[in-house]
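Within every chain, numbering begins at 1; the chains are lettered A, B, ... in the order of the sequence lines, protein sequences first and strands thereafter.
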Amino acid sequence: AQRVTQPEKLLSVFKGAPVELKCNYSYSGSPELFWYVQYSRQRLQLLLRHISRESIKGFTADLNKGETSFHLKKPFAQEEDSAMYYCALHNQGGKLIFGQGTELSVKP
Amino acid sequence: NAGVTQTPKFRILKIGQSMTLQCTQDMNHNYMYWYRQDPGMGLKLIYYSVGAGITDKGEVPNGYNVSRSTTEDFPLRLELAAPSQTSVYFCASSRGEGQPQHFGDGTRLSIL
């Protein structure tokens, strides 16, 4: 079965603390994984994709095929990082499979 | 450049009514998608289209219909609204398979 799991509904950290949003996937093929973000009153938008191997707004995510994970990390959280974060997997049928989402709250 | 535009933003329907959610994109994308998002859940794919004249079912197509007569437009039709269709609906588009998807602002639909 193709599935994306984000185990945390809500993650609350203080400004300046490290943050890790967990994402695990179940997929038999070679996965293409993405992180999407939705800031308050804004539309859902792409944050980063694993094939780019880039850092966006200080966030990085490494694909770990052994652990079937694609956790999103940032060493020092900022208040403006508060948002809903969705991990998504692109299957070979061209469809995106989303996780349930994690709400990140960064407190001052 | 408006990107993906959805109308209306909000709508309340009575059980059994029908309506069409509009979606248009100005990026000349071939692929378009409709998702629904229920509270506390991720987005689930309703229908998608890989080009004008071509549509296919997603994970939760029952109770919905779509058409794709032009590259720009991908309307979603509810024929007989049911309370279970109360949700937030998102339209998205992408250049091609595996490419990042661009989302609209969503339509919040309540069926009473």
Side-chain angles (χ1 to χ4, degrees), chain A residues 1-11 21-27 29-54 56 61 63 70 72 83-103, chain B residues 1-7 9-10 23-27 29-51 54-61 66 68 74 87-108:
Chain A
Q2 300 170 2
R3 188 167 51 243
V4 176
T5 303
Q6 294 178 250
E8 302 139 329
K9 275 196 167 181
L10 173 64
L11 186 62
L21 288 83
K22 291 184 168 42
C23 172
N24 289 91
Y25 66 89
S26 172
Y27 186 61
S30 185
E32 284 189 61
L33 287 152
F34 300 78
W35 276 99
Y36 282 82
V37 61
Q38 187 171 28
Y39 300 103
S40 179
R41 303 187 199 287
Q42 295 187 28
R43 57 184 63 181
L44 194 63
Q45 58 188 286
L46 178 70
L47 179 63
L48 54 81
R49 53 193 302 195
H50 89 270
I51 61 171
S52 300
R53 303 187 66 82
E54 55 192 345
I56 304 292
L63 177 61
F70 187 55
L72 183 68
M84 281 293 297
Y85 290 82
Y86 295 93
C87 182
L89 177 148
H90 225 286
N91 68 12
Q92 287 175 329
K95 301 172 190 174
L96 264 183
I97 299 167
F98 283 86
Q100 303 94 316
T102 297
E103 181 182 355
Chain B
N1 189 342
V4 178
T5 303
Q6 290 182 237
T7 57
K9 291 195 185 312
F10 307 94
C23 175
T24 187
Q25 52 94 8
D26 61 3
M27 297 172 283
H29 284 171
N30 287 320
Y31 284 54
M32 294 188 75
Y33 314 82
W34 273 106
Y35 296 90
R36 60 176 287 173
Q37 184 179 31
D38 299 326
M41 307 291 287
L43 281 71
K44 291 189 187 293
L45 184 65
I46 305 171
Y47 269 95
Y48 69 105
S49 168
V50 301
I54 307 169
T55 63
D56 208 347
K57 295 178 180 179
E59 186 182 355
V60 290
V66 293
R68 185 92 184 272
F74 190 42
S87 191
V88 181
Y89 291 83
F90 290 98
C91 179
S93 71
S94 68
R95 195 155 28 94
E97 184 176 330
Q99 296 299 309
Q101 295 186 13
H102 299 255
F103 286 82
D105 288 327
T107 294
R108 189 175 295 274

Note, B:Y35 side chain near A:L96 side chain (heavy atom, < 4.5 Å): yes
More than 12 heavy atoms from other groups under 6.0 Å of CE on A:M84: yes
Minimum heavy-atom distance A:H90-B:Q101, with the two atoms named: NE2-NE2, 4.1 Å
Heavy-atom contact with chain B under 4.5 Å, split by part of A:Q6: neither
Stepwise side chain to side chain contact (heavy atoms under 4.5 Å, CB included) check, B:L43 with A:L44: CA-CA 11 Å; B:L43 281 71; A:L44 194 63; 4.0 Å; yes
Test item: A:R43 side-chain N/O and B:F103 main-chain N/O as donor-acceptor pair under 3.5 Å: yes
B:R108 CZ: over 12 foreign heavy atoms closer than 6.0 Å: no
Other residues, nucleotides, ligands: >12 heavy atoms within 6.0 Å of B:K44 NZ: no
Smallest separation among heavy atoms of A:R49 and B:P100, with atom names: NH1-CD, 3.4 Å
Nearest-0.5 Å distance that lies between atom CD in B:Q37 and atom OH in A:Y86: 3.5 Å
Value rounded to 0.5 Å, distance of CZ in A:R41 from CG in B:D105: 12.5 Å
